[in-house]
Amino acid sequence: MTAISDNVRRQAQDLLDFIDASPSPWHAVASSVQRLQAAGYRRLDESERWTLASGGRHYVTRGDSSLIAFRLGERPLATNGLTLIGAHTDSPGLRVKPRPAEDAAGLVRIGVEVYGGPLLATFADRDLGLAGRVMVRAGDAIVSRLLHIDRPLLRLPNLAIHMNREANESGLKFNKQTELPLLLGSTGDGADAQFRRPLADALGVEPAQLLTWDLVACDTQKGSFWGADQEFVANGQLDNLASCHAALSALLAQEDDAASSLVALFDHEEVGSESAVGAGGSFVGDVLQRLAAGCGLDGEDQRRMLAASYFISADMAHGWHPNFPAAYEPCHRVLVNGGPVIKRNANQRYATDAASAARFLAICERAGVPCQQYAHRSDLGCGSTIGPIVAARLGIPSIDVGSPMWAMHSVRESAGVLDHAWMIAALAAALAG
Ligand SMILES: [Zn+2]
């Protein structure tokens, strides 16, 4: 295996720190904004007029859970276009219901909805906290506050094997309505009061000020390195905060002012992307149009800009698992710590075609990064991501890539230390143009 340099180790540690600080999509955007601001990127508001110029570095958020950052280079946009990288801020898991607290024989249970397609059983017996945003009444105003209760607050204890004799043969199954509610504690002053108290304490407000929330049950365990050479990482949300982190790191590493680049981090990928803040919404199209108009491009030149652009959709890939060889296409095994993966699917579950794939191969070669190619088994349904959605909306030549990982959609996923550094290097080379 390629030796892990200090720099590669640092990039992986930075990824773990980024994820630990981003337990929800709203936190992922806040963490990204912090990094962008520190690098001199200036905020744009969708409700204000934009003044843009060559050399400008900006970011704009929508719904506090999606973000687009871009830098305008010296080369003419109409003939050179931009390199765009897209990723998603959301991860599958358990979301707290609007009226979640229920009294069950003196125990408070917190009702949750399943968001996307998590491996549900992995959420059992974990030290779960709460994270997301809460709308708080402050006098006459309503304020959005980020909340992160980073200690074991909730739990989904498994049923003992003595009452679930088939667990190891049939798998751990949970009825989503009756068996998933999370245990919070004893009823005390009432179920609703017991639920509101820790939230209000964390925010420094009165329980009655809490109006509504978007809350995720998050794992409180921090990211870690594992393996004989500590060559793997484990954490929640590697899908797809690893790609968000790689895209941002690549953008912030740009030193040359020639090329124009854009990074879009979307919410709602795990539930189909069809929302105002999702990749299927108008966000990226709106930003591109305003960016082009702000640089003086007319309608004709805006079309030319799109035709000259290249969109890289970065989302995680399925690394080969030696215990389950039958789950993989034998000629398209991609290895963890084997390098970035190009994802292909003839039925357009991925946006990649021969031309966009060849271009990415050349980029990896230029960056000195190994590159792998993945296809799903023909007799298994293939997942999808934002690549085909954005490609269809914008008409830009597009590709789906990702770092290989294990246990996708588990509460604790694994990936390779080397892959992350290689992905950053490949994306940085792509943005350099
Ligand atoms: Zn994903």
Side-chain angles (χ1 to χ4, degrees), residues 83-92 116-117 238-244 246-247 250 262-274 278-281 284-285 306 309-321 327-336 338-364 369-406 408-409 413 415 419 422-423 426-427 430:
T83 304
L84 303 93
I85 304 173
H88 64 90
T89 57
D90 60 324
S91 297
L238 285 166
D239 173 15
N240 191 23
L241 293 188
S243 304
C244 291
L262 180 148
V263 166
L265 309 179
F266 299 105
D267 195 2
H268 293 161
E269 188 274 342
E270 298 291 355
V271 292
S273 295
E274 289 296 327
V284 68
L306 292 178
S309 293
Y310 181 51
F311 175 58
I312 301 172
S313 157
D315 201 352
M316 302 302 271
H318 300 297
W320 185 71
H321 192 319
Y328 298 84
E329 211 295 316
C331 296
H332 297 85
R333 290 174 172 174
V334 298
L335 301 180
V336 173
V341 176
I342 296 173
K343 301 190 262 184
R344 280 298 286 278
N345 180 262
N347 295 295
Q348 295 304 300
R349 304 290 288 166
Y350 299 129
T352 312
D353 63 13
S356 61
R359 189 165 170 174
F360 193 78
L361 281 173
I363 289 166
C364 286
V369 166
C371 187
Q372 313 183 77
Q373 297 207 53
Y374 181 80
H376 213 55
R377 281 186 68 92
S378 302
D379 53 4
L380 267 184
C382 182
S384 189
T385 179
I386 61 170
I389 294 166
V390 173
R393 282 198 66 80
L394 300 178
I396 297 179
S398 301
I399 186 168
D400 274 293
V401 303
S403 292
M405 68 178 294
W406 290 305
M408 190 180 283
H409 293 190
E413 303 167 327
D419 290 326
W422 277 328
M423 181 57 84
L427 295 179

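Model, not experiment: these values are computed from the prediction. Numbers here simply count residues along the sequence, with the first being 1. Values reported hereafter were calculated over all heavy atoms of this structure, with side chains retained and with hydrogens, waters and symmetry mates removed.
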Distance-minimising heavy-atom pair for Ala327 and Leu380: O-CD1, 3.8 Å

Exercise: identify the closest heavy-atom pair between Ser273 and Ile386: OG-CG2, 3.9 Å

Partners meeting side chain to side chain donor-acceptor pair (under 3.5 Å) with Asp315 (sequence neighbours left out): His88, Asn240, Thr385

Pairwise side chain to side chain donor-acceptor pair (under 3.5 Å) hits with a residue in residues 388-400, at least two apart: Ser313-Asp400

His376: side chain to side chain donor-acceptor pair (under 3.5 Å) partners, not counting sequence neighbours: Tyr374

Pairing residues for Ser91 by the side chain to side chain contact (heavy atoms under 4.5 Å, CB included) criterion, not counting sequence neighbours: Gln237

Partner set under side chain to side chain contact (heavy atoms under 4.5 Å, CB included) for Leu335, not counting sequence neighbours: Trp320, Gln372

Contact check, side chains of Trp422 and Leu427, non-hydrogen atoms, under 4.5 Å: no

Backbone N/O of Leu238 and side chain of Glu413: donor-acceptor pair under 3.5 Å: yes

Partner set under side chain to side chain contact (heavy atoms under 4.5 Å, CB included) for Pro397, not counting sequence neighbours: none

From CD1 (Ile312) to CD1 (Ile399), nearest 0.5 Å: 7.0 Å

Results of side chain to side chain contact (heavy atoms under 4.5 Å, CB included) for His332 - residues two or more places apart only: Glu329, Ala375

Closest approach of Val401 to Met423 (non-hydrogen atoms, all atoms of both residues): CG2-CE, 4.2 Å

Any side-chain heavy-atom pair of Gln373 and Leu361 under 4.5 Å: yes

Closest contact, heavy atoms only, Ile342 versus Ala357: CD1-O, 3.7 Å

Whether Asp90 side chain and Glu270 backbone form a donor-acceptor pair below 3.5 Å: yes

Nearest atoms (heavy-atom pairs only) where Leu84 meets Ser309: CD1-CB, 3.9 Å

Side chain to side chain, Pro404 and His318, heavy atoms closer than 4.5 Å: no

Heavy-atom pair with the smallest gap, counting every atom of Ala351 and Ala391: CB-CB, 4.2 Å

Beyond-backbone contact of Phe360 with Pro340, side-chain heavy atoms, under 4.5 angstrom: yes

Those residues that, when tested against His268, pass side chain to side chain donor-acceptor pair (under 3.5 Å) (two or more places apart): Ser275

Phe311 and Leu394, any side-chain heavy atoms less than 4.5 Å apart: no

Pairs touching residues 370-389 that satisfy salt bridge (Lys or Arg N to Asp or Glu O under 4.0 Å), sequence neighbours left out: Arg377-Asp379

Pairwise side chain to side chain donor-acceptor pair (under 3.5 Å) hits with a residue in residues 343-364, at least two apart: Asp353-Ser356

